[in-house]
Amino acid sequence: MNTKQLERIHTGKGFIAALDQSGGSTPKALAQYGVQESSYSNEEEMYALVHEMRTRIIKSPAFDSRYILGAILFENTMDRSIDGQLTADYLWEKKGIVPFLKVDKGLADLEDGVQLMKPMPDLNDLLSRAVERNIFGTKMRSLIKEANPAGIKKVVEQQFAIGKQIVEMGLVPIIEPEVDIYSADKAASEKLLKDEISAQLSALDKDAKIMLKLSIPTENNFYSDLMKDPHVVRIVALSGGYSQAEANEKLAQNHGLIASFSRALSQDLTAGQTDEEFNALLSKSVQDIYEASIK
């Protein structure tokens, strides 16, 4: 584990940029960027275009370590280069931004009010490649749609079981049990979720370090006690479908919670913009998210 990167994530001011759309979400991300499906004819062309989009974001002067602590990458992005350097090396060496990797394979079908992660049979191989490519940590997402105690328990147990496997490889896992912001019983789900997370934290090895990525809670500062746990490097928030303005407003009311936004970060960016227009819009997004993260 890179101790400089660990200290930066633990104590630094700023937020984590989520640039990890993958698989089925990639066409949607490209469409929002103004690149339609007619612009590519196969998966390789699609991923080349999305890497161009991410490269443009990463190389922008607005993508600045004064405001951005880390960036979450998709596997395909990790394997590609920017200006002759692997993406993770470019992020850290040129930008001073800590690289993370999305490792999950998507969500399983809904059962007991939740969607667990699909099996990851090749996870060890992926983690080994991540270590070789100087990745600091990982991210994996589950989804909670109902306040179902049995389902939420399964989500947290699965997240922490895989998290321990990631810790053993010398990486810091971001554990992401998202609570659907449109759930009718969101607050009840968050209560069950926090209890399960607390139980799992108490069972971790003394030196294990993890991060949490959670939906912005219904009750302000609801996760403050989890932030004090010695195993928790940082708690970051996902925008979960809120607009950038909504997400920033809610985030600012939760002291110590920092952003890890995807759609809310790239909102309004398009391929047809001039570099001046693109950089100005990205700069405003970065500044607004940063301000919400440090309140």
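For the single chain, residues carry numbers from 1 onward in sequence order.
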Open item on the list: Under 4.5 Å side-chain heavy-atom separation, chaining through any Ile, Leu, Val, Met, Phe, Trp or Tyr, what else clusters with L110? Say none if it is isolated.
Closed with: none
Open item on the list: Strictly by ring-ring contact (aromatic ring centres under 6.0 Å, His included), give each pair with a member in residues 208-230 just once, sequence neighbours left out.
Closed with: none
Open item on the list: Considering only residues two or more places apart or on different chains, which pairs with a residue in residues 126-171 satisfy ring-ring contact (aromatic ring centres under 6.0 Å, His included)?
Closed with: F100-F136
Task: I181: hydrophobic cluster co-members (side-chain, 4.5 Å) - done: Y182, Y242
Open item on the list: Check this for me: does any side-chain nitrogen of one of K191 and E196 sit under 4.0 Å from a carboxylate oxygen of the other?
Closed with: no
Open item on the list: Tell me every residue that passes side chain to side chain contact (heavy atoms under 4.5 Å, CB included) with E45, counting only those two or more places apart in sequence or in another chain.
Closed with: Y40, S41, N42
Open item on the list: Per the ring-ring contact (aromatic ring centres under 6.0 Å, His included) rule, what does the pair list look like for residues 264-292, sequence neighbours excluded?
Closed with: Y67-Y290
Task: K95: partners by side chain to side chain donor-acceptor pair (under 3.5 Å), with sequence neighbours left out - done: none
TODO: Show which residues join L143 in its hydrophobic cluster (side-chain heavy-atom contacts under 4.5 Å, direct or indirect), or state none.
DONE: L107
Task: Listed once per pair and sorted, the side-chain hydrogen bond (donor to acceptor under 3.5 Å, both in side chains) pairs that draw on residues 228-239, sequence neighbours left out - done: D229-H231
Open item on the list: Once side chain to side chain contact (heavy atoms under 4.5 Å, CB included) is applied, do any residues pair with T274, and if so which ones, sequence neighbours excluded?
Closed with: E276, E277
Open item on the list: Strictly by side-chain hydrogen bond (donor to acceptor under 3.5 Å, both in side chains), give each pair with a member in residues 197-207 just once, sequence neighbours left out.
Closed with: none
- [ ] Not counting sequence neighbours, which residues clear salt bridge (Lys or Arg N to Asp or Glu O under 4.0 Å) with K59? List them please.
- [x] D83
